[in-house]
Amino acid sequence: MSSFRPVDPKQSFPEMEERIAAGWKEGKVFERSLQQREDAEVWSFYEGPPTANGRPGSHHVLSRVFKDIYPRYQAMRGYRVPRKAGWDCHGLPVELEVEKQLGISSKQEIEEYGIEEFNRLCRESVFTYVEEWNRLTERIGFWIDLDDPYVTMDSKYIESVWWSLKELHDSGRLYEGHRVSPYCPRCGTTLSSHEVAQGYKDVVDPSVYVRFRLKDRDASLLIWTTTPWTLPGNYAVAVDPEVVYTEVDFEGETLILAEALVEKVLGEGVSGGKSFKGSELIGQVYEEPFPGMKENSGKFVIISGDFVTTDDGTGLVHIAPAFGEDDYRVAISDGLYDPTSSGEDGTLFNPVGLDGRFDASVAGFEGEFVKDPEVTARLIEHLKWNGRLFRANDYEHSYPHCWRCGTPLLYYAKASWYIKTSEARDRMLAGNEKIGWHPEHIKEGRFGRWLENNVDWALSRDRYWGTPLPIWGCSEADCDESFCAGSVADLEAKAGSVPEDLHRPYIDDVTWDCDCGKGQMKRVVSVIDTWYDSGAMPFAQFHYPFEGKEEFEQRFPADFICEAIDQTRGWFYTLLAESTLLFDEPSYRNCVCLGLILDGEGQKMSKSKGNVVAPWDVLDKFGADAFRWYLFTAQQPWAGYRFSLEAISEALRSFLLTLWNTYSFWVLYANAEGIDSSAAPDPAAEPTDLDRWAISRLQATVEGVSEKMDEFDCTGAGRLIAEYVEELSNWYVRLSRRRFWEGDAAAFATLRHCLVEVAALLAPFTPFIAEEIHSNLVGGADREFGSLPDSVHLRDFPAAASALRDPVLEAAMAATRQTVELGRASRAQAKAKVRQPLARAVVVATDAEREAISSQTELIKRELNVKELEFVTDQSDLVSYLVKPNFRTLGPRFGKSMPQVAAAVAALDPGHVAEVVEAGGEIGISIDGKDHSLTADDLLMSMEPLEGYQVEAESGHAVALALELDDDLIREGNAREIVHAVQNARKDAGLEITDRIALSLAGDQELLDAAAAHEGYVTGEVLARTIELGGDTAEAAAPGTPETTIDGKSLKISVVRVD
RNA sequence: GGGCGAUUAGCUCAGUUGGUUAGAGCGCGUCUCUGAUAAGGACGAGGUCCGUGGUUCGAAUCCACGAUCGCCCA
């Protein structure tokens, strides 16, 4: 015989959770949960790797608990769900952190400091906070294998990445081109958009209008630019084919520009001449715009550009592919330049060196810095001498500068390696169709749109801390020899030995003599975009294809991934792009997107605003379950959160505490009753309707929760559980309290079963409290689980037993609840206390409801404290009928005639309709001279109480109370008041609920008479062994006993504990 | 500038394929119940469902335009 661990109603959840987490660790529960499913089908989860060089915040808790709940659920459903952790190690953010630490800020300084040492610091920095990450992960109950994570900087991981790059390289899908980006010629660095945003300054630049003379006739294109230094790099002029252009005769020459801009450029009153669409200009050629070039790109043709506007300029845009992103893109799409070609078109003409100075091709300007104001003046002078300059002004605008050194940035094409993702666009779109997005609109919306506009992936980065691009080329300019390493062995075969650490600078030392006999094979210095690393995790985490083939195949594609919504263009994309290119299939089947965590005012959390809610504050104060429950159920996760400590506290109060109290109630009485934790339920225990109702509602809840969880809707699922717990606590337990005091075996068995199943439903949501409840209710104080699992996380998810569903009973109980609510409202209106019994309640309900309600007569009588329950029949004086059309059924049938139908129904005699409908008959109405018949479904019948009764009514259903009292009722009411007062006295005396007492009452004779009349009731309720009434006994037994009053009558109560 | 999403009570959120009286919780006020409960119950105050137009017999729901906020990109 063993009991249950007593439950502290004031339990500290954080404390309990830490104890349970320790128990899991000691009992290897996570490991065992995996082992017991070893032979089961895999349900695959991919962990998107975080970087541990910063402290984890509340948004990390969000993603980590969502990454936890679905794998836990599927594991309980019987799948094997391996959960391998991962860490993202490379990238600019890591480098910037180290730069900050060293107090340096440029590539030059990094190289002076030494790449070897710099990268060593990066390697360390990556795991600065890994301990805190691991601690948090365990504390929030995120079950993932932290002992064997994949680490993107490991040589094995890098080798897998190399393998994939070689696959792409060998099929021509990895190619070298250029990338136009903001570039600081002094620091020799490309700047990220974040850095660019920091460096905008208002400056004065020239605003230059230049003539581009047409070759075949005497007219000039008028071009506007604020960067005359880019003119030597001109390839073409872009127009909008739909915009109207015009030829203007102006001061003796013919100029071509957009008609809409004539007055703005040439002055008011000037009007255009012959007008035509831009498409007519396309294909025409013009003379070299910057005369005197020693060599040039030699195209000078008019092309179409989708970025041309008539907001400013002339509607004709000078195209220098080396100096503008749009320019570069349009040059490729128009065939002026083909980065994948080895012919003449394959070379991008760029007359400016990496130092920002003109090269020898620009005669007279060689070695000059392009943004030098003096040089600019000379450029303009040069254009003027050659008759090209139309006008030059000053132009004040905001222009980006290097945030470190203040040098104006150049948009500049640098050699860069690309992956030809555009070729796979249609296949990626097809793959996207197969992905289950949550929310759904991501598929066609944000992600789909992004895929449709796919451009080739610029892969290389001229940085230090990253996976090195495994491409070697000959140092001899004339030699085309190149080599892509697909493995360490490949490279060893070429170079002899390869360092263990594949990072820079060691890998840069791997060289060998080229077969051409003249040059040396050297690595292209770039590293790759760190996003490629994480996108490679489906295969690289297993060192595929060198090892882990079986694991890779079993787990590819993932059934589930989950990250914040900003990953649509990050990880969600790189995963899809890489798996489509390499395996022709998307690498995930379902994706849950998470929104942002904002503060309580809807502001973004940031350190500078000081509104950050640190996860540990929440965990220490309210616990992990409360945090998890809030995140799962507050709202759909992609909507974002307005997050505050108050919000968590409410989740705790309204849900976890309700559950806890129900559980603590059960344990309290089970122990008082001496229930044996290891004994089977008493088969003789006869369940009541209420028991069967609780079990039936449990099945409905289980069914609903499983459905929602299968659809990745834990918010909906959690709300169903909350609703059930509320019903259990505030309906089942409240109405069943007496049965627990009396040791009713069916009640104990029912509530125990419901709580254990709720714990199982909650296991994926709130794993700690679920474990606590399950372990005590199943295992008892001795933790003897018999043949059952010793952890809720080792059992199967509940399955709904449809045989235990009773929809009729559920409907009856719903009607009963409503009846009770109406009755209580009625009492409140009449100011008739519930303790005062009343002779009867009269329920107004239609026949169907009446049947349901009358099945629960006893329950309602007890709840409303009335002696009789009566139903009002038709023709009663108490109610009138109401009949309304059912728009749902009639709308589709009558359409436009609905207003007439509604009028016809309103004109019916409700009493008559009720009679006919109850008899199963039909009602005829006439619309536009045609007869139609309406059935019971088409009409909504209800009853309404007539004036003059103390009734409460809601949606055609009402309860009236008989308020007149006779002496019996008054005595009984007084007896209940006395019980209430004695219970308070017991409480004040600090007695345990099971203590027996000797009771003495003295005071008002009427009260004493009531106690005498109901002596059995009074002594039973307050556990009195003896009772003495009258005289001064109360005073004598307990001198100084305070006097209480009931309805103005005084009463003295003495309670004395007896054994 | 482009794409995507959001806007419902003081606050946080529900609201089914369009169906006629738009709900819940918290908070507030009044009352009440209580030997499981930091709880429960009743009543009340609180809503131009962001705005304008349209479709429809009927719109919080569908469409168009606009406003505000957010995210991503330029």
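Chain identifiers are assigned alphabetically (A, B, ...) following the order of the sequence lines, protein sequences preceding nucleic acid strands; residue numbering begins at 1 within each chain. Since the model is a prediction, treat every value here as computed from it, not as a measurement.
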**Student:** Rounding to an integer number of angstrom, what distance separates B/rU30 and B/rG35 when you compare their P atoms?
**Tutor:** 24 Å
**Student:** Is any side-chain heavy atom of A/V618 closer than 4.5 Å to one of A/Y630?
**Tutor:** no
**Student:** Atom CZ of A/R734 and atom P of B/rG41: how far apart are they, to the nearest Å?
**Tutor:** 8 Å
**Student:** Could you grab the distance from atom CD1 of A/I442 to atom CD1 of A/I565, nearest 0.5 Å is fine?
**Tutor:** 4.0 Å
**Student:** Is there a Watson-Crick or G-U wobble partner for B/rU52 with both distances under 3.5 Å, and which nucleotide is it?
**Tutor:** B/rA64
**Student:** Hey, does the side-chain of A/R446 have a donor or acceptor N/O within less than 3.5 Å of a partner on the base of B/rC71?
**Tutor:** yes
**Student:** Once you apply a heavy-atom cut-off of 4.0 Å, does A/W638 come out as touching a base, just sugar-phosphate, or nothing?
**Tutor:** nothing
**Student:** Distance between the C1' atoms of B/rA39 and B/rU55, in whole angstroms?
**Tutor:** 50 Å
**Student:** For nucleotides B/rU68 and B/rG51, find the distance between their C1' atoms and express it as a whole number of Å.
**Tutor:** 11 Å
**Student:** Between B/rA38 atom C1' and A/N661 atom CG, what is the distance in whole Å?
**Tutor:** 8 Å
**Student:** Base, sugar-phosphate or nothing for A/Y669? Non-hydrogen atoms, less than 4.0 Å.
**Tutor:** sugar-phosphate
**Student:** Is A/Q983 touching bases, backbone alone, or none of the nucleic acid, heavy atoms closer than 4.0 Å?
**Tutor:** base
**Student:** Between B/rA36 atom C1' and A/F4 atom CZ, what is the distance in whole Å?
**Tutor:** 16 Å
**Student:** For the C1' atoms, the ones on B/rU48 and on B/rG27, what distance do you get once it is rounded to whole angstrom?
**Tutor:** 24 Å
**Student:** Given that A/N886 and A/E325 both sit by RNA chain B, which one's nearest nucleotide is further toward the 5' end?
**Tutor:** A/N886
**Student:** Under 4.0 Å, heavy atoms only, any strand: does A/R737 hit a base, just the sugar-phosphate, or nothing?
**Tutor:** base
**Student:** Both A/F894 and A/Q635 contact RNA chain B. Which one's nearest nucleotide lies toward the 5' end?
**Tutor:** A/Q635
**Student:** Can you find a donor-acceptor pair, distance only, under 3.5 Å between A/R888 side chain and B/rU17 base?
**Tutor:** yes
**Student:** Does A/V733 reach a base, just sugar-phosphate, or nothing at all? Heavy atoms under 4.0 Å.
**Tutor:** base
**Student:** Taking the ring centre of each residue, are A/W629 and A/F622 less than 6.0 Å apart?
**Tutor:** no
**Student:** How far does the C1' atom of B/rU8 sit from the matching atom of B/rG46, given to the nearest Å?
**Tutor:** 14 Å
**Student:** In whole angstrom, give me the gap between the P atoms of B/rU7 and B/rC43.
**Tutor:** 30 Å
**Student:** For atom P, what is the distance between B/rA67 and B/rU16, given to the nearest Å?
**Tutor:** 28 Å
**Student:** Do the side chains of A/D938 and A/R893 get close enough for a salt bridge, i.e. N-O under 4.0 angstrom?
**Tutor:** yes
**Student:** Does a nitrogen or oxygen in the side chain of A/W660 sit under 4.0 Å from OP1 or OP2 of B/rA39?
**Tutor:** no
**Student:** Of the listed nucleotides (B/rC72, B/rG19, B/rA38), which one gets closest to any side-chain atom of A/M898?
**Tutor:** B/rG19
**Student:** Watson-Crick or G-U wobble partner for B/rG1, using a 3.5 Å limit on both distances?
**Tutor:** B/rC73
**Student:** Among A/W437, A/W571, A/F572, exactly one meets ring pair (Phe, Tyr, Trp, His ring centres under 6.0 Å) together with A/F447. Which residue is that?
**Tutor:** A/W437
**Student:** NA contact type, A/T889, heavy-atom cut-off 4.0 Å: base, sugar-phosphate, or nothing?
**Tutor:** nothing
**Student:** B/rC43 pairs with which nucleotide, Watson-Crick or G-U wobble, both distances below 3.5 Å?
**Tutor:** B/rG29
**Student:** Is there a donor and acceptor pair closer than 3.5 Å between the side chain of A/R986 and the base of B/rG35?
**Tutor:** yes
**Student:** Side chain of A/F665: nearest nucleotide among B/rC57, B/rA36, B/rG27?
**Tutor:** B/rA36
**Student:** What's the gap between B/rG44 and B/rG70 when it is taken at their C1' atoms, as a whole Å value?
**Tutor:** 37 Å
**Student:** Over how many whole Å does the gap from A/F447 atom CZ to B/rC71 atom C1' extend?
**Tutor:** 16 Å
**Student:** Just checking A/S729: base, sugar-phosphate only, or nothing, at a heavy-atom cut-off of under 4.0 Å?
**Tutor:** base
**Student:** Side chains of A/S422 and A/N454: is there a donor and an acceptor less than 3.5 Å apart?
**Tutor:** no
**Student:** From the options B/rC71, B/rC73, B/rU21, select the nucleotide whose nearest atom is closest to the side chain of A/I565.
**Tutor:** B/rC71
**Student:** Should B/rU16 form a Watson-Crick or G-U wobble pair with both distances under 3.5 Å, which nucleotide is its partner?
**Tutor:** none
**Student:** Give one of base, sugar-phosphate or nothing for A/P899, where a contact means two heavy atoms less than 4.0 Å apart.
**Tutor:** sugar-phosphate
**Student:** In the structure shown, which nucleotide is the Watson-Crick or G-U wobble counterpart of B/rU21, with both distances under 3.5 Å?
**Tutor:** none
**Student:** By nearest atom, which of the nucleotides B/rA36, B/rA14, B/rG19 is closest to the A/S664 side chain?
**Tutor:** B/rA36
**Student:** Which one of A/F748, A/Y669, A/W666 satisfies the ring pair (Phe, Tyr, Trp, His ring centres under 6.0 Å) criterion with A/F4?
**Tutor:** A/W666
**Student:** Considering every strand shown, what is the Watson-Crick or G-U wobble mate of B/rA59 when both distances are under 3.5 Å?
**Tutor:** none
**Student:** Can you confirm if the aromatic rings of A/W531 and A/Y573 lie within a centre distance of less than 6.0 Å?
**Tutor:** no
